[in-house]
Amino acid sequence: MAGEFERIRRYFLPLSQPPADPPAQVGNGDDALAVRSDETIVMSVDTAVAGTHFPPDASAEEVATKALRSALSDLAAMGARPWFYTLSLVVPKSYPDHWWQQFAVTLQAENRHWQFPCLGGDTTTGDTLVVTVQVHGLCERPLTRSGAAAGQNIWLVGQTGEAAAGLAALLRGDDPESTLRQAFYQPQPPVRLMAALQPWIESAIDISDGLVADLGHIARASDCDMSLQVDRVPLSNVLVQSVGLVRARELALSGGEDYTTVLTAWPEHDHRIMELVVRHGCCISRIGQVADLKGEAATVTMTLDGEPYLISQRGYDHFG
Ligand code: ADP
Ligand code: MG
């Protein structure tokens with residue numbers, strides 16, 4: 001088995017490709033990284049623990065894509081362009097060389113796909129696999145959760161529910177349909193789209209806890225009510241076929257793990273938004289409106305075909 005330094009040299013130093021734009025002043029392999037940018041720097045860190053955030057038997061490839069893309073999702077929601085990330089790993093001693101190899105090869109492909117190099121990190125051993133990804137992005141004007149105001153439209157990028165259905169199957173010990181498995185392990189955060197949409201958007205959040213729960217975070221941060229038209233929330237065919245319409249709707253609203261973005265924007269930008277979405281080959285749905293705060297606390301109210309709609313379950317079932 002390779003020693004620690006050999007492992008870092010072989011697997012992690014090559015992850016500094018493709019080069020960061022703008023480039024680092026001091027890149028990976030030194031005591032610390034040094035970077036400089038004229039733009040605002042957006043940073044977010046996420047930790048994923050085996051058995052808590054993903055099943056303990058997930059493959060190296062699945063862990064790598066899930067950890068990196070769920071972290072990238074925060075940059076998407078801020079409207080930031082990915083710049084570089086750093087990677088901290090706790091890996092049990094029992095993990096074989098081919099696990100490291102598979103993990104690093106997957107990240108190399110991810111780096112190319114997102115134009116997102118890894119410029120530093122730390123590697124140590126412990127009882128449980130822990131992957132911490134700190135992402136860094138650049139933007140002119142970071143989007144926040146507090147920019148929503150009455151009269152704005154609520155838009156959902158892509159669709160929700162498949163990842164939660166995939167996770168539910170994994171938790172039952174079933175082998176989920178490949179689309180659902182991929183939705184959980186290989187989410188598609190709308191990174192490039194959100195960077196392009198940013199000038200036309202007032203607030204955004206990435207969907208990790210569930211559409212309604214995360215929309216609630218915007219509502220509270222913005223002191224607004226949200227009115228959601230459930231019939232406008234898109235449902236994938238695969239999802240409906242595998243769990244039925246009623247459950248599909250519940251998962252789309254409150255499943256979580258989607259790592260897409262929900263946002264608000266003024267109606268005069270509707271056309272611009274749809275045009276940019278089409279140009280990026282993505283989908284977007286206008287699912288509701290922001291309203292003035294009526295009571296003491298911000299709420300998300302829902303209708304289905306004009307009738308009030310209540311959901312029993314909010315948030316999602318974590319691992320035990
Ligand atoms: P230090 O003792 O200064 O923490 P390390 O021996 O931990 O240095 O790491 C040596 C170099 O390898 C550092 O520049 C660090 O950024 C890089 N490195 C270590 N682990 C990783 C990793 N998981 N991903 C990327 N780079 C890493
Ligand atoms: Mg170290």
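This structure is a prediction, so every number in the text was calculated from the model and none was measured. As the structure lists them, so they are numbered: ligands from 1, and atoms in each ligand from 1. All values below come from the heavy atoms of this structure, side chains included, with hydrogens, waters and symmetry mates left out.
Looking at ligand 1, you'll find an N or O of Gly29 within less than 3.5 Å of one of its N or O atoms. Of the polar atoms of Gly121, at least one N or O is found under 3.5 Å from an N or O of ligand 1, judged by distance alone.
Taking 4.0 Å as the cut-off between side-chain N and carboxylate O, Lys66 and Glu257 count as a salt-bridged pair. Between Arg7 and Asp97 there is a salt bridge, since at least one side-chain N of the basic residue sits less than 4.0 Å from a carboxylate O of the acidic one.
There is no protein heavy atom closer than 4.0 angstrom to atom 2 (O) of ligand 1. Protein heavy atoms are absent from the 4.0 Å sphere centred on atom 8 (O) of ligand 1. Protein heavy atoms are absent from the space less than 4.0 angstrom from atom 5 (P) of ligand 1.
For the Mg ion (ligand 2), the set of protein N/O/S atoms nearer than 2.8 Å consists of Asp122 OD1, ordered by chain and number.
Proximity of Asp30 to ligand 1, defined as any heavy-atom pair under 4.0 Å, is confined to the backbone N, CA, C and O atoms.
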Checklist line | Test log, rule salt bridge (Lys or Arg N to Asp or Glu O under 4.0 Å), inputs Arg181 and Asp175 | finding: CA-CA 8 Å; Arg181 186 185 193 99; Asp175 189 16; 3.1 Å; yes
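Less than 4.0 angstrom separates some heavy atom of Thr123 from each of these atoms of ligand 1: 19 (C), 20 (N), 21 (C), 22 (C), 23 (N). Atoms of ligand 1 lying under 4.0 Å from at least one heavy atom of Cys118, given by number and element, are 25 (C).
Side-chain atoms of His280 come within 3.5 Å of backbone N or O of Leu276 as a donor-acceptor pair.
The shortest heavy-atom distance from Phe5 to ligand 1 is under 4.0 Å. For Ile8, the heavy-atom gap to ligand 1 drops under 4.0 angstrom.
Aromatic ring pairs are classed by plane angle as parallel below 30°, tilted from 30° to 60° and perpendicular above 60°; the pair Phe103 and Trp99 is parallel.
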